[in-house]
Amino acid sequence: MPAQYVLKKSTNNQFYFNLTAENNEPILHSEQYVSKSGALNGIESVKENSSNDARYEKRTSSNGQFYFVLKAANHQIIGTSEMYKSERSRDDGIEAVKRVGPTAVLSDQTE
C-alpha cells in the first residue's frame, strides 16, 4: 500500500489528516482545521517541509516517551508524531516522514 495522507472529518465537523507509512501505520497527525481547504493546505505544507531536517523538533513527553513535531518555515507546528518508547524509534519516524511526506497520495475520506 502506498504512503498516504488520510483526510478525515471529526465529530465536531472539523478536518484533520494523518500521514501513514507504506505499512499503513500512522507516523504524523495534524491539528484540526475549521475548513477542508485549511487541512489541504496543511498537507501541502507537510509535503514542502518534510524533507528539511531543520523543520523537525525532537521532544520528550512528561511520561518519558519520545516524539517529534514538524514545523513550517513560520515555526508553526504542522504535524505531531506518534509516541515512541525510544529515541531510535522516534528518529526512525522522522526518517519515515522525510521519505514518504513529499510524495504520499491523498486519501480523502470526508465525503
Side-chain angles (χ1 to χ4, degrees):
M1 171 175 256
Q4 56 187 340
Y5 291 95
V6 181
L7 180 63
K8 294 185 176 186
K9 193 172 189 180
S10 66
T11 55
N12 64 353
N13 290 321
Q14 294 197 341
F15 297 86
Y16 67 96
F17 62 87
N18 292 310
L19 174 60
T20 62
E22 300 91 343
N23 62 0
N24 205 34
E25 289 293 317
I27 51 178
L28 193 75
H29 62 270
S30 73
E31 64 181 346
Q32 291 194 347
Y33 297 89
V34 175
S35 68
K36 184 175 180 177
S37 63
L40 292 171
N41 286 338
I43 290 170
E44 287 306 311
S45 186
V46 173
K47 286 183 174 190
E48 291 172 17
N49 290 284
S50 59
S51 60
N52 186 337
D53 286 332
R55 300 284 191 250
Y56 293 89
E57 186 176 297
K58 297 177 181 181
R59 296 183 174 181
T60 305
S61 69
S62 59
N63 67 357
Q65 290 192 311
F66 303 95
Y67 70 105
F68 63 88
V69 295
L70 176 62
K71 294 184 174 185
N74 64 3
H75 305 289
Q76 288 192 339
I77 294 173
I78 50 177
T80 303
S81 74
E82 302 300 306
M83 292 292 171
Y84 298 98
K85 293 182 180 173
S86 71
E87 291 181 68
R88 171 74 179 172
S89 295
R90 176 195 57 207
D91 294 347
D92 289 347
I94 291 171
E95 291 304 314
V97 174
K98 287 170 58 178
R99 183 181 71 250
V100 304
T103 59
V105 298
L106 176 63
S107 173
D108 187 345
Q109 299 180 4
T110 64
E111 298 172 10

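Not measured: the values here are computed from a predicted model. Position 1 is the first residue of the sequence; numbering continues from there. Only this structure's heavy atoms are used, side chains among them; waters, hydrogens and symmetry mates stay out.
Criterion: ILVMFWY side-chain heavy atoms under 4.5 Å apart, direct or through other members. Under it, Val46 and Tyr33 are part of a common hydrophobic cluster. When hydrophobic clusters are built by joining Ile, Leu, Val, Met, Phe, Trp and Tyr residues whose side-chain heavy atoms come closer than 4.5 Å, directly or via intermediates, Leu106 is grouped together with Ile27. The cluster map of Ile, Leu, Val, Met, Phe, Trp and Tyr, joined by side-chain heavy atoms under 4.5 Å apart, puts Tyr56 and Met83 in different clusters. There is no path of hydrophobic side-chain contacts, each under 4.5 Å, that joins Val6 to Ile78.
When atom types are taken as modelled, the side chain of Thr60 and the backbone of Gly64 share no donor-acceptor pair closer than 3.5 angstrom. Side chain of Ser81 to backbone of Phe68: a donor-acceptor contact under 3.5 angstrom is found.
Gln65 CD to Tyr67 OH: the interatomic distance, rounded to the nearest 0.5 Å, is 11.0 Å. Note: Glu87 CD to Asp91 CG = 7.0 Å, rounded to the nearest 0.5 Å. Interatomic distance, Ile94 CD1 to Arg55 CZ, rounded to the nearest 0.5 Å: 14.5 Å. If you take CG on Asn41 and CD on Glu48, they are separated by 9.5 Å, rounding to the nearest 0.5 Å. Residue Ser30 holds its OG atom at 12.0 Å from CD1 of Ile77, rounded to the nearest 0.5 Å.
Nearest approach of Lys9 to Phe15, heavy atoms of both residues: CE-CZ, 3.8 Å. Looking at every heavy atom in both residues, Lys71 comes nearest to His75 through CD-O, 3.5 Å. Here the closest non-hydrogen pair linking Gly101 and Lys47 is O-CG, 3.4 Å.
Counting heavy-atom neighbours within 6.0 Å of Gln76 CD, excluding the residue itself, gives a total of 12 or less.
By the 4.5 Å heavy-atom criterion applied to side chains, Ser10 and Gln32 are counted as neighbours. Side-chain contact between Leu70 and Ser50 is present, with at least one heavy-atom pair separated by less than 4.5 Å. Side-chain atoms of Leu28 and Thr80, non-hydrogen and from C-beta on, never get closer than 4.5 Å to each other. In this structure, Leu19 and Ile43 have side chains that are not in contact, with every pair of non-hydrogen atoms separated by 4.5 Å or more. Looking at heavy atoms from C-beta onward, Tyr16 lies in side-chain contact with Lys8 at the 4.5 angstrom threshold. Here the side chains of Met1 and Asn23 are not in contact, with every heavy-atom distance at 4.5 Å or above. Counting heavy atoms from C-beta on, the side chains of Leu7 and Gln109 never come closer than 4.5 Å. The shortest side-chain heavy-atom distance between Gln4 and Asn18 does not fall under the 4.5 Å cut-off.
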Practice item. Before giving the answer on side-chain contact (heavy atoms from CB on, under 4.5 Å), spell out for Val69 and Arg59 the whole-Å C-alpha distance, their side-chain angles and the decisive distance to 0.1 Å. Key: CA-CA 8 Å; Val69 295; Arg59 296 183 174 181; 3.9 Å; yes

Exercise for review: Carefully, step by step, assess Lys98 and Asn52 under the rule side-chain contact (heavy atoms from CB on, under 4.5 Å).
Suggested key: CA-CA 8 Å; Lys98 287 170 58 178; Asn52 186 337; over 6 Å; no

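Using modelled atom types, one finds a donor on one side chain and an acceptor on the other under 3.5 Å when comparing Lys36 with Thr110.
Between Arg90 and Glu95, no side-chain nitrogen of the basic residue sits less than 4.0 Å from a carboxylate oxygen of the acidic one, so the salt-bridge criterion is not met.
Between Phe17 and Tyr5, the ring planes are perpendicular. Angles over 60° get that label, and only those under 30° would be called parallel.
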